[in-house]
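First up is the structure itself, then whatever we jot down about it.
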Amino acid sequence: MRALVLFAISAILLISCSKKPNSAYEVKLIKHRTETDIYMKNDPNSPFNKKSKVEFHPLNYFDADTNFIYKSKLTEFAEKDTIEIYGTKGEPRKTVRYGYFTLNHNGKQHKLKVYESNYNGTLYYSLWFTDNTTNKETYGVGRYLELELNNDPEHVYTIDFNYAFNPYCAYSHDYSCAVPTKDDHLDIEIRAGEMKFHD
């Protein structure tokens, strides 16, 4: 079974790549995107299969762009306030404003917030954002990045927008997803990561 999956990944890589990857980084990114397509198409828990059927086609992405990879320490808020945000179906949700990253883009600094959410006793750390491609080239609600928290306050994180992804509600209206707030807007065009799925 594993050999079959690896064969499928290799075949999709050969078919889907319009140009040869220029680096080990691009090879790794394309492999990640190919594996995501395989999951979305075939897994019974994917948004294309679990609820109402949505016709699958490979997800859309910007080309890899290392200009949208940033390094930053995580600044924790002194007071980690529990705030109320909303899902795309209008339901209120509780989340914790945990901290933020400072991104230096073309000499200007931008803050990217980190939120802590508790699902069934497990803590998850997320970065929700909109930018100047939102509702144009990218999903109108916004995009997400996941964060694996490191307890070392001196740890420098890599924030790679080439891995930015759409929430499940971007594919199917059966799902509701957290809506980024005005404070989560980055006043730049992040032409990296996942693009719109539906026209």
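Every value quoted in this text rests on a predicted model; they were computed, and no experiment measured them. Reckoned from all heavy atoms, side chains included, excluding hydrogens, waters and symmetry mates.
Remark: Lys41 NZ to Asp37 CG distance equals 9.0 Å, nearest 0.5 Å. In this structure, the separation between SG on Cys169 and CG on Asp174 is 11.5 Å, given to the nearest 0.5 Å. If you take CG on Asn118 and CG on Asn120, they are separated by 8.0 Å, rounding to the nearest 0.5 Å. Here the straight-line distance linking atom CD1 of Ile83 with atom CG of Asp183 works out to 8.5 Å at 0.5 Å rounding. To the nearest 0.5 Å, atoms CZ (Arg191) and NZ (Lys136) are separated by 11.5 Å.
Leu59 and Ile38 are members of different hydrophobic clusters when ILVMFWY side chains are connected at heavy-atom separations under 4.5 Å. Under the 4.5 Å side-chain heavy-atom criterion for Ile, Leu, Val, Met, Phe, Trp and Tyr, Phe197 and Met195 are members of distinct hydrophobic clusters. In the hydrophobic cluster analysis, where Ile, Leu, Val, Met, Phe, Trp and Tyr join through side-chain heavy atoms closer than 4.5 angstrom, Leu74 is grouped together with Ile69. Cluster membership for Phe68 and Phe129, using ILVMFWY side-chain heavy atoms within less than 4.5 angstrom, is shared. Hydrophobic clustering of Ile, Leu, Val, Met, Phe, Trp and Tyr side chains at less than 4.5 Å, counting indirect connections, unites Leu103 with Ile190.
By the 4.5 Å heavy-atom criterion applied to side chains, Asp81 and Val96 are not counted as neighbours. The closest side-chain heavy-atom distance from Asp63 to Tyr61 is not below 4.5 Å. At a threshold of 4.5 Å between non-hydrogen side-chain atoms, the residues His110 and Ile188 count as touching. Ser126 places none of its side-chain heavy atoms less than 4.5 Å from the side chain of Leu145.
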Practice prompt. Determine, step by step, whether Asn162 and Asp160 satisfy the side-chain hydrogen bond (donor to acceptor under 3.5 Å, both in side chains) criterion, reporting the C-alpha distance in whole Å, the side-chain angles of both residues, the deciding distance to 0.1 Å, and the verdict.
Written response: CA-CA 5 Å; Asn162 291 287; Asp160 187 346; 2.9 Å; yes
Item to complete: Show your reasoning for whether side-chain contact (heavy atoms from CB on, under 4.5 Å) applies to Thr130 and Leu186.
Response: CA-CA 6 Å; Thr130 59; Leu186 299 172; over 6 Å; no
Practice prompt. Please test Tyr115 against Tyr98 for ring-ring contact (aromatic ring centres under 6.0 Å, His included), starting from the C-alpha separation and ending with a verdict.
Written response: CA-CA 5 Å; Tyr115 295 94; Tyr98 187 86; over 10 Å; no
Practice prompt. Evaluate the side-chain contact (heavy atoms from CB on, under 4.5 Å) criterion for residues His32 and Tyr163: first the C-alpha distance (whole Å), next the side-chain angles of each, then the deciding distance (0.1 Å), finally the verdict.
Written response: CA-CA 9 Å; His32 170 80; Tyr163 286 88; 3.5 Å; yes
Worksheet item: Going through the checks in order, is the side-chain hydrogen bond (donor to acceptor under 3.5 Å, both in side chains) test met by Thr158 and Lys71?
Response: CA-CA 5 Å; Thr158 298; Lys71 300 284 188 180; 2.6 Å; yes
Item to complete: Could you walk me through whether His173 and Tyr175 pass ring-ring contact (aromatic ring centres under 6.0 Å, His included), step by step?
Response: CA-CA 5 Å; His173 292 303; Tyr175 292 85; over 10 Å; no
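Side-chain N/O atoms of Glu194 and Asn166 include a donor and acceptor closer than 3.5 Å. A side-chain N or O of Asp65 and one of Asn67 form a donor-acceptor pair less than 3.5 Å apart. Between the side chains of His185 and Asn132, a donor-acceptor pair is found at a separation under 3.5 Å. No hydrogens or angles considered: nothing links the side chains of Thr138 and Lys196 as a donor-acceptor pair under 3.5 Å.
Aromatic ring pairs are classed by plane angle as parallel below 30°, tilted from 30° to 60° and perpendicular above 60°; the pair Phe48 and Tyr171 is tilted. Ring planes of Tyr70 and Phe161: perpendicular class, angle over 60° (limits at 30 and 60°).
A salt bridge is defined here as a Lys NZ or Arg NE, NH1 or NH2 lying under 4.0 Å from an Asp or Glu carboxylate O, and Arg93 with Glu91 meets this definition. Ion pairing between a basic and an acidic side chain is recognised when a charged N comes within 4.0 Å of a carboxylate O; Glu116 and Lys80 show no such pairing. At a threshold of 4.0 Å, the pair Lys94-Glu84 counts as salt-bridged, since one of the basic side-chain nitrogens sits closer than that to a carboxylate oxygen.
Contact record, Ala178 with Ile85: CB-CD1, 3.7 Å, taken as the closest heavy-atom pair. Shortest non-hydrogen contact noted between Val54 and Ser172 is CG2-CB, 3.8 Å. Heavy atoms only, all atoms of each residue included: Leu147 and Phe101 are closest at CD1-CZ, 4.0 Å. When all heavy atoms of Pro167 and Gly142 are compared, the pair lying nearest together is CD-O, 3.6 Å. Minimum interatomic distance between Met40 and Tyr168 (heavy atoms only, all atoms of both residues): CE-CE1, 3.9 Å. Between Ala64 and Leu29, the shortest heavy-atom distance links the atoms CB-CD2, 3.6 Å.
Here the two rings, on His198 and Tyr139, have centers that are 6.0 Å apart or farther.
Relative to the six-membered ring of Phe77, Arg97 meets both conditions, a distance below 6.0 Å and an angle of at most 45° to the axis. Phe165 does not carry Arg143 over the face of its six-membered ring by the limits of under 6.0 Å from the centre and within 45° of the normal. The cationic group of Lys113 does not satisfy the cation-pi geometry with Tyr100, failing either the under 6.0 Å distance to the six-membered ring centre or the 45° limit from the ring axis.
The backbone N or O of Ser46 lies less than 3.5 Å from no partner atom in the side chain of Asn49, so there is not a single donor-acceptor pair. Judged by distance alone, with hydrogens and angles left aside, the side-chain atoms of Ser23 form a donor-acceptor pair with the main-chain N or O of Glu26 at under 3.5 Å. Counting only distance, with no hydrogens or angles, the side chain of Tyr86 and the backbone of Thr181 share no donor-acceptor pair below 3.5 Å. Listed for the Tyr157 side chain is a donor-acceptor partner under 3.5 Å among the backbone atoms of Asn150. Remark: side-chain polar atoms of Thr134 are paired, donor with acceptor, to backbone N or O of Asp131 under 3.5 angstrom. In this structure, the side chain of Thr82 does not engage the main chain of Thr95 through any donor-acceptor pair within 3.5 Å.
Within a 6.0 Å radius of CD in Glu146, other residues, nucleotides and ligands contribute 12 heavy atoms or fewer. Few gaps surround NZ on Lys89; more than 12 heavy atoms of other groups in view lie less than 6.0 Å from it.
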